[in-house]
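Worksheet for the structure shown next.
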Protein chains: 2
Amino acid sequence: MSESSKSSKSPNSSRRNNTDPESTRKEILQAALEVLAKDGPESLSVTQVARLAGVNRGTAYQHFPTREDLTHATTAWVSERIYEEFYGDFEELSEKNEVYPADLAQERLSEFAMNNPELSRAWLFDVMSTKGVVTDPFWTRYVKELEAFRKSGYGRQDIDVEVFAFISLSSALLWPIWVGAHAKNSKSRKKMQRRFVDEMMRLTLFGSLEPSVHTELLERFGKTTAPD
Amino acid sequence: MSESSKSSKSPNSSRRNNTDPESTRKEILQAALEVLAKDGPESLSVTQVARLAGVNRGTAYQHFPTREDLTHATTAWVSERIYEEFYGDFEELSEKNEVYPADLAQERLSEFAMNNPELSRAWLFDVMSTKGVVTDPFWTRYVKELEAFRKSGYGRQDIDVEVFAFISLSSALLWPIWVGAHAKNSKSRKKMQRRFVDEMMRLTLFGSLEPSVHTELLERFGKTTAPD
DNA sequence: TGTATAGTCAACAATGGTGTACACTACTGG
DNA sequence: CCAGTAGTGTACACCATTGTTGACTATACA
């Protein structure tokens, strides 16, 4: 008995026979996401994923020929899901206003990250996996929206859109992980989310320096326009 | 021939005989840092580290009895090194001024991260490894300095020190990784560092929203004091 | 009814890792 | 010159994982 999920000796007892290949694929991807979010793409094993998905290892190999295929499919799936869950209902949300308001965007991003720590982790791992120049639709769209916001006159004209997008995105997605390690109960986690949103809002509104004692800096950076 | 580094048949040719155990320990740690920074702590193997360090596997096991010991020792070493390299000469830098100026601090942090992408990666992996409530001296000190800065009157009184520390630290350390993936040559990387520092300074000075069109937000957040 | 599909189960070779052990060597200091 | 220390080279038992193959089964569909 080199490989066995339960202790069924006869091979005829094939319970759990799913007719829908797409659903098992999803289950495998979901399990893959969970293990990927834990330790990163390099320490993802097909065996582990199959166990977690409650699926035979052979089945996993039918869907994803190699380990690499599985990790790639998973990160792609993560990207799609993030985009979908974040921008899926964006049109109806923003059509009421010509521009999606900054505070709601911040709130929404933070809430999303808090409610989807696994997706956040997976995304961050993807960013950190040296190979990956991130070209996923989520990032692209986020930058695009921010640029529109800047152009609309609601945002400062001199912000470096890409850098600011990076700062807000990375910290918002990393925060829940930090919080998960520090905050015990869900009430405490809610509070931490509040703190993050508030601080981020305060930062985007006012910055962090007392202007009256930084006249020299104000002059140096106040005159600067957005970099090329 | 289960294990062989070169093709030396006789076991007498033991070149590379280091008398200083501390130096080989460092070499092992350095190699461990490199592989840890690559794929995270979970996919660090003693074999791999020993190979990279140019050291016999047995030697590695003499210094670090188990794989876990090695990873823990490495993360601890990372923490020490970051603290040392960042705050090692801090006193002499700040004694000229009563408070270390904000722009120099930002510049310094960003430059450090750019020059030490591996340390940055390792630190981030540590933050991301669920278990780890980060208690390392670097983080503690960073928060402490920021708190002092706030109290000094140079920073805004209403900033949430911990959250702001988290935002600036995480984004500054993650940025070089992002850049490393996107920027090809060193000139381009220098430029990217400049962009980050400038944008971070702009953000801390002015925020990102056009105040004139956010009067409602200004009122909501302007009255808020720092959370408990 | 029969055939294709999706999945189960078991086995296998190959690879690479862990942790331990032991004999051996080279360098150092007393 | 001798003992101790640091490191080498090799072997071994054990385990997990990969990727493959082949036999089998339940379901869907034509």
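Note: hydrogens, waters and symmetry copies are ignored here, and every other heavy atom, side chains too, is used. Here is how names work: the chains are called A, B, and so on, in the same order as the sequence lines, proteins then strands, and each is numbered from 1.
- For A:T24, the listed nucleotide lying nearest its side chain is C:dG7; candidates were C:dT8, D:dG19, C:dG7.
- Taking atom CG on B:N56 and atom P on C:dT20, their separation rounds to 16 Å, with Å as the unit.
- For A:H63, no side-chain nitrogen or oxygen approaches OP1 or OP2 of C:dA6 to under 4.0 Å.
- Rounded to an integer number of Å, the gap from CD of A:E42 to P of C:dG16 is 16 Å.
- With rounding to whole Å, B:E68 atom CD is found 17 Å from C:dG17 atom P.
- Dashed line: the shortest gap from a side-chain N or O of A:S45 to OP1 or OP2 of D:dA16 is not under 4.0 Å.
- Nucleic acid contact for B:Q62: base, since at least one base atom lies under 4.0 Å from a heavy atom of the residue.
- In this structure, A:T59 reaches the bases: a heavy-atom distance under 4.0 Å links it to at least one base atom across the strands shown.
- If you measure from atom CG of A:D39 to atom P of D:dT17, you get 12 Å, rounded to the nearest angstrom.
- Every residue was checked against the ring pair (Phe, Tyr, Trp, His ring centres under 6.0 Å) condition with B:F149, not counting sequence neighbours, and none meets it.
- If you measure from atom CZ of A:F64 to atom P of C:dA6, you get 14 Å, rounded to the nearest angstrom.
- Dashed line: the shortest gap from a side-chain N or O of A:T47 to OP1 or OP2 of D:dT18 is under 4.0 Å.
- One side chain, A:Q30 or A:R81, offers a donor N or O that lies under 3.5 Å from an acceptor on the other.
- Atom P of nucleotide D:dT5 and atom CD of B:E22 are separated by 16 Å, given to the nearest angstrom.
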Original post:
Can you check side-chain hydrogen bond (donor to acceptor under 3.5 Å, both in side chains) on A:S168 and A:Y142, steps first, answer last?
Top reply: CA-CA 10 Å; A:S168 60; A:Y142 194 83; 3.2 Å; yes
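- Below 30°, between 30° and 60°, or above 60°: for A:F86 and A:F138 the angle between ring planes is above 60°, a perpendicular geometry.
- No contact: B:R25 has no heavy atom under 4.0 Å from any strand.
- For C:dG7, its base never sits under 3.5 Å from the side chain of A:R57 at any donor and acceptor pair.
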